[in-house]
Amino acid sequence: MNESTLLIESLRLMVIGMGIVYAFLLLLVGVLRLMSSLILRLAPEEALPLATTPTQSPSSAPDDLIAVIAAAVARYRRQH
Amino acid sequence: MNESTLLIESLRLMVIGMGIVYAFLLLLVGVLRLMSSLILRLAPEEALPLATTPTQSPSSAPDDLIAVIAAAVARYRRQH
Amino acid sequence: MNESTLLIESLRLMVIGMGIVYAFLLLLVGVLRLMSSLILRLAPEEALPLATTPTQSPSSAPDDLIAVIAAAVARYRRQH
Amino acid sequence: MDEIQQLWLSTGIANLDWGQALMMGVGCLLIYLALVKKFEPLLLVPIGFGALLCNIPVAGIGGPDGLIGQVYHVGIESGAFPLLIFMGVGALTDFSALIARPSTLLLGAAAQFGIFATLIGAVLLNGLPGFDFTMKEAASIAIIGGADGPTAIFLASRLAPDMLGAIAVAAYSYMALVPIIQPPIMRALTTQKERAVVMEQMRPVSRLERILFPFVVLILCALLLPSAAPLIGMLTFGNLLREAGVVERLSRAAQNEIINIVTILLGLAVGSKLSADKFLNLETLGILLLGAFAFCIGTAAGVVMGKIMCYATGGKVNPLIGAAGVSAVPMAARVANKVGQETDPHNFLLMHAMGPNVAGVIGSAVAAGLLLALIGP
Amino acid sequence: MDEIQQLWLSTGIANLDWGQALMMGVGCLLIYLALVKKFEPLLLVPIGFGALLCNIPVAGIGGPDGLIGQVYHVGIESGAFPLLIFMGVGALTDFSALIARPSTLLLGAAAQFGIFATLIGAVLLNGLPGFDFTMKEAASIAIIGGADGPTAIFLASRLAPDMLGAIAVAAYSYMALVPIIQPPIMRALTTQKERAVVMEQMRPVSRLERILFPFVVLILCALLLPSAAPLIGMLTFGNLLREAGVVERLSRAAQNEIINIVTILLGLAVGSKLSADKFLNLETLGILLLGAFAFCIGTAAGVVMGKIMCYATGGKVNPLIGAAGVSAVPMAARVANKVGQETDPHNFLLMHAMGPNVAGVIGSAVAAGLLLALIGP
Amino acid sequence: MDEIQQLWLSTGIANLDWGQALMMGVGCLLIYLALVKKFEPLLLVPIGFGALLCNIPVAGIGGPDGLIGQVYHVGIESGAFPLLIFMGVGALTDFSALIARPSTLLLGAAAQFGIFATLIGAVLLNGLPGFDFTMKEAASIAIIGGADGPTAIFLASRLAPDMLGAIAVAAYSYMALVPIIQPPIMRALTTQKERAVVMEQMRPVSRLERILFPFVVLILCALLLPSAAPLIGMLTFGNLLREAGVVERLSRAAQNEIINIVTILLGLAVGSKLSADKFLNLETLGILLLGAFAFCIGTAAGVVMGKIMCYATGGKVNPLIGAAGVSAVPMAARVANKVGQETDPHNFLLMHAMGPNVAGVIGSAVAAGLLLALIGP
Ligand code: NA
Ligand code: NA
Ligand code: NA
């Protein structure tokens, strides 16, 4: 590659690179805002039970686990 | 290996496996009991000097070490 | 190597070895003394700013770095 | 615009197949179970995240040049990680309850029946279409009944590495489900009177006994069952570091630095085995079902053995502590205690259940060694 | 006297060439900068000492059979060390400020302009005699502008391992020089009024948001930019360990044991790349100059973006916090705070600058992934 | 019943040969010495347990596919473990006493006479039937006289790996026996008056001196004796981390996490070299005898050098501190202090003996480097 090709190439990289960095982070801004507003609506503060309360709720979990995996398997097999 | 062979094989494994697990752990029960009773007889509690007292007794140890290893060497050479 | 060669060899090693160990450590004695006296003269106690004071002095450092490396490069290129 | 094309082809979306997307979902599910349902979070968080990372298309993080692929090669293919964790388990475990009452080893033995019964279960399942377990695979599945994560990973990495992901997930999930799975079985198999049995206090155990214990176990294992020696050896080594009293530094390193670092790396590496083609198939459902079966049988066998010992001793043994023989230290012992207190709130079975509980660790390591000697690798 | 001769020939003096002597001097200089000028001592002390050790003639400590050469092979060639450090960075970083105000990600994006501008700078420098950077080398140099040591080492080890030493030294040196390099640029590009902008307090961030944050970032990265997934993946994994709340042991291991051990070994290994033939040439001067250029451009771009956001929000954003977008956590945020207080001593910008600051870490990892996808390896 | 037969053939008893049984006994003996007699337990517990594990028949834990065999390959064959321990030793050692009175380096030099005299002793022992040490083996045995475990392991792993087990055991055993071996020699070679010499207080050492010390030692070593540079280099690196004051995290990692983890693994790996065919032969007896000889000669040479310095300084040096020149930090210094207090209970020699004590560490590393340069590998 000679020098001017390199230069054009690097200009191209700059435009594409900065474009994608901006696009990606802008998208991330949107998704993060979406996430926060969803959480605020669906699980307002102090409603989340995570870790602070020694939850006693795994009662339905084994079925959950098997059900979800069964669904995943079914879906996968349909695709292949 | 066809299926019924596998089944017979696995039945065999179960019998042998559980047998040996029991045999091994039963033997361990016996040896542990033996150990405890020996310790109770030969080194009743609080008589053991291990680690709690900053022992000053390695005085005879170098001879010990050489003597034991010499005996081990001698024994080994006799066997080979 | 037969046995007497080995013996002469090991005698030689002893003389050379102890000689060099002594020479090296004697030299180290000298250099350490030199170091201490230089420090005492050039940077008497408590004058050293190392780590105890949260120095604010990296102001001239970038130039330092580039200057020193430039000098090193120049010197290296002259040698090769 | 060539670069845009090239860039599009390098995105994850363009390369994502459904299997990877589903497995990323499975990874998230495991982390959900760990964080919200408190399923063995120390293992399931790294395993779940490892599944997430290794199913990212293009990146190849779980491949031979990726970080996690290399960790798998160095730590799991070699067998090193489960053994180092076993050393940590040894350094964290107090075997006093077992030394004070060696007969509880029989409860630890009985609970291994779950392992061997599951072996038959796996072979029977071959009768259904879609299942075709080899003997090595059956043995790797059966060891889930040992309720011991590192043992299961060690055996599966030797006998059926392709199933390692599913087996590790099942093993840790069921260990977490002990408080759900065990109590109904325990209640069904015991009478009110049996559950109320108050056991007599244990004798104190001297320091010398605790120091000699690892040697007794190791030497018996070396003489009779050397294929279990790597597991039992590292377990007893860790325990000796703990009890020796003169190597505090090393004991702390085994209990903290080493086990923590290895747990992170082992979890990520196990997660790399959660790929769609290895996990999203009927056999995984079989593994999950058989694992649950193994757990139930093991619990039941332990309780039945507890009943036998109760009769044999004239009512000095509470059969509930037999359920703790599956290991899953210390959760199974806590469950025994809790079920006991349902009948008599003043009956503290915890310390008595610790004996069969730690016996279960030895029992499943012995069973794993046996399976290695009889079947493979 | 043959032995004396042989011994003389085995001494360092008889084998020392000038390049090695000068590089030992460079090693000592780096340690001097670390100890006296407080330049990132955690990295520059091991790097400098590694340079010292690996330039000792005859000993071959950095060679294929030497300790440090082997560490380089295991930890840097494989890419493992920078990724493990990134895991530790994730475990040490609180992303709350970014979650509370996601728009600061744009400041982190703008500051990456330094990287891409430097790419062009490196190519232009090829016009001068003595410079002949390939595209891969130019990209590795440009990443210095990311102001993130592990990212720079990760990219350089993939694209231009011969330049790794100079690039790592430049990256960490300029990170240490943030308090010198940035303020004049920040003052030149902002008005008194802009620097006095008081930002409104941030809303509190819930635990659930902090837990979901790593997943959001990772999944977006996996879908769109999988070549950045190793870096972003380990960063988010570390952060999840931190925020999960149920894996304290693992979080502590990532924040302390692992990152400390890896830092020592990584530093020594990077130092082994400081050999005369790789370092004492004109290109190193070019790397240092381009690195400084990248830093300045990145800072300026961040501040300009800050001004744009200031106008767009009607004066709610202080443009100074844009300079923190280069990363160099937390030093760049402190600098923004300090420059702000020159104008108004009661204006605390530190927390506001943490948003762009941690955004810069994500931004430069994204940029590194892009360069990998577009150029190599 | 085929399986029973197969199972019997897989037991340890059926495969145990006498050599293995005896070596398991030797392993237990080492642990006994460590626990009860307090012989360097940090090393002898892992070494003894490693011997136990690696002599279990069938299991192959010390073989190329076993955990400990792999650890040996990665950590000892490569030379990495002893060097990492040396880094930890550097981080744990305060060289102030040596900097305040550099002349004590001569005591550290004299004590290395034990090493070179033992070289001749090993060659002379070849005159007896059954002994046939090569020069490399003789040098590896001689280094036991350096009273420094990691140095001995480093040299033996390079020159005579087959003898590594016996040499490491002898080195650590004799280091533990310092309080038994040294006092009679010290008393025999000194007069009452000499033992009562009170030394003048040492001057304080500035921080700058302590920071420059590692550089002075390393650069002198690099210029004159590069074959000692790996050992001296890691020692001085660790010491710089300690004294730098700005890398506390790394210093703590070197002093704790790294040295503890490496000690466990190194001990187990050394134990794997305690196999019957390598250990249970006449040569091991020779090694043990020569090791004791080396220790005694080294102690005597140190004391004699102390006497010379006492005369030369007009009675300002207590010859007892010369015995501390063998290294075995800090036990040898404590022994010097204790023997001194037998004569004058108010004479505190401990700090004065620390100078030759740490000088002995440098001295034996230098001697090891010399042997490497002159003989092998
Ligand atoms: Na178990
Ligand atoms: Na950045
Ligand atoms: Na020494």
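The figures that follow rest on heavy atoms only: side chains count, while hydrogens, waters and symmetry mates do not. Order of the sequence lines sets the chain letters (A, B, ...), proteins ahead of strands, with each chain counted from 1.
The nearest pair of heavy atoms linking E:Q255 to E:R242 is NE2-NH1, 4.2 Å. What you find for E:T151 and E:A368 is that their closest heavy atoms are CG2-CB, 3.5 Å.
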Check step by step if side chain to side chain contact (heavy atoms under 4.5 Å, CB included) holds for E:L218 and D:L53.
-> CA-CA 9 Å; E:L218 177 62; D:L53 291 177; 4.0 Å; yes
Between D:L266 and D:L43, does a side chain to side chain contact (heavy atoms under 4.5 Å, CB included) hold up when you go through it step by step?
-> CA-CA 8 Å; D:L266 173 127; D:L43 265 298; 3.6 Å; yes
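Between E:F215 and D:L52 the shortest side-chain heavy-atom distance falls below 4.5 Å. Inter-residue side-chain proximity for D:L274 and D:C54 is flagged as unmet; no heavy-atom pair is nearer than 4.5 Å. Under the 4.5 Å side-chain criterion, counting only non-hydrogen atoms from C-beta, E:L159 is not in contact with E:M135.
With hydrogens and angles ignored, the 3.5 Å screen pairs no side-chain donor or acceptor of E:T118 with any backbone N or O of E:G121. For the pair D:N357 (side chain) and D:G360 (backbone), a donor-acceptor distance under 3.5 Å is absent.
Here the straight-line distance linking atom CD of E:E209 with atom OG of E:S96 works out to 9.0 Å at 0.5 Å rounding.
Within the 4.5 angstrom heavy-atom criterion, only side-chain atoms of D:L16, from C-beta onward, approach chain E. Interface residue D:I13: backbone and side-chain heavy atoms are both found under 4.5 Å from chain E. Contact annotation for D:I68: neither backbone nor side-chain heavy atoms come within less than 4.5 Å of a heavy atom of chain E.
Residues of residues 70-82 of chain D having a heavy atom under 4.5 Å from any heavy atom of chain E, listed by number: D:Q70. Contacts with chain D (heavy atom to heavy atom, under 4.5 Å) involve these residues of residues 225-232 of chain E, listed by number: E:P226, E:A229, E:P230.
By number of non-hydrogen pairs under 4.5 angstrom with chain E, the leading residue of D:N15, D:N55, D:N256 is D:N256. Among E:A222, E:G369, E:A253, E:A254, the residue with the largest count of heavy-atom pairs under 4.5 Å with chain D is E:A222. Contact tally against chain E (heavy-atom pairs below 4.5 Å) for D:V58, D:L268, D:I259: the top residue is D:L268.
Other residues, nucleotides and ligands place more than 12 heavy atoms under 6.0 Å from the CZ atom of D:F95.
Checked against D:Y174 for a side-chain contact (heavy atoms from CB on, under 4.5 Å), the options D:V326, D:L288, D:I180, D:V169 give a single hit: D:L288.
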